[in-house]
Trainee: 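Structure provided below as structure tokens; questions to follow.
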Amino acid sequence: MSLQTAWENRKEAEYHAQLEASERYDAELEAEKSRIDEAAKNGDESLIDAINDAIALSDDDLNMQWLAIGAGAWDKLADLRNNAIEVVARKHLENKFC
């Protein structure tokens, strides 16, 4: 059995605090993604625009979207939409915590 120094105790407490903060953020991110998805499905134009903007941020994503549409791979569009919702949710949380 080893005795920890005060410094080691502080570092361990800081580490656990960071883990807890990360877990809280992840939970809030999931809740925000769900809220954004539901609001967009209910016709919230500002969120629909934000999701579309997030999809259009990357030419690669936009090209993948058109490729998915052309190939009939609708499940790929769901992945793009979910990724875009996550981008919007992260921006909302950044604004909330800044």
Side-chain angles (χ1 to χ4, degrees):
M1 181 153 119
S2 67
L3 296 175
Q4 289 184 325
T5 65
W7 179 82
E8 290 171 324
N9 288 337
R10 256 193 328 272
K11 283 295 180 189
E12 187 173 343
E14 289 172 6
Y15 172 74
H16 287 289
Q18 287 175 346
L19 282 178
E20 290 171 7
S22 176
E23 289 171 357
R24 280 192 309 272
Y25 178 81
D26 288 344
E28 288 190 38
L29 179 61
E30 289 304 314
E32 184 67 7
K33 286 168 41 179
S34 179
R35 185 194 70 77
I36 289 169
D37 186 38
E38 190 61 33
K41 285 177 182 175
N42 289 329
D44 184 321
E45 291 293 326
S46 65
L47 288 177
I48 292 169
D49 289 343
I51 292 167
N52 288 335
D53 288 345
I55 289 172
L57 283 176
S58 167
D59 289 339
D60 291 340
D61 285 345
L62 191 57
N63 289 335
M64 190 167 129
Q65 179 182 11
W66 287 113
L67 179 63
I69 290 169
W74 302 112
D75 57 327
K76 296 294 182 189
L77 293 177
D79 290 342
L80 278 174
R81 184 173 185 281
N82 290 337
N83 290 341
I85 287 172
E86 184 168 340
V87 168
V88 174
R90 286 184 186 277
K91 286 181 182 179
H92 283 189
L93 290 179
E94 278 179 24
N95 293 337
K96 180 179 177 181
F97 290 109
C98 290

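Reckoned from all heavy atoms, side chains included, excluding hydrogens, waters and symmetry mates. Residue indices begin at 1 and follow the sequence shown.
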Trainee: Quick one: pull up CZ in Arg90 and OH in Tyr25 and give me the separation to the nearest 0.5 Å.
Mentor: 4.5 Å
Trainee: For Lys33 versus Ile85, what's the shortest heavy-atom pair and its separation?
Mentor: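 Scanning both residues, the minimum pair turns out to be O-CG2, 3.6 Å.
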Trainee: Can you measure from NZ (Lys91) to CG (Asp53) and round to the nearest 0.5 angstrom?
Mentor: 7.5 Å
Trainee: Which pair of non-hydrogen atoms, one from Ile48 and one from Ala40, has the smallest distance, and what is that distance?
Mentor: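 Looking at all heavy atoms of both residues, the shortest contact is CD1-O, 3.6 Å.
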Trainee: Do Glu86 and Asn82 come close enough that some side-chain heavy atom pair is under 4.5 Å?
Mentor: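 Glu86 does not reach Asn82 side chain to side chain.
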Trainee: Rounded at 0.5 Å granularity, tell me how far CD1 in Ile51 sits from CG in Asp37.
Mentor: 7.0 Å
Trainee: Are Leu47 and His92 packed together at the side-chain level, in the sense that at least one heavy-atom pair is separated by less than 4.5 angstrom?
Mentor: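 Yes; the side chains approach each other to less than 4.5 Å.
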Trainee: Drop me the distance from Glu12's CD to Glu14's CD, to the nearest 0.5 angstrom.
Mentor: 11.0 Å
Trainee: For a quick test of reading the model, state the closest non-hydrogen atom pair linking Val88 to Ala54 and the distance between them.
Mentor: CG2-CB, 4.2 Å
Trainee: Show the numbers, then the answer: is there a salt bridge (charged side-chain N to carboxylate O under 4.0 Å, His left out) between Glu32 and Arg35?
Mentor: CA-CA 5 Å; Glu32 184 67 7; Arg35 185 194 70 77; 2.9 Å; yes
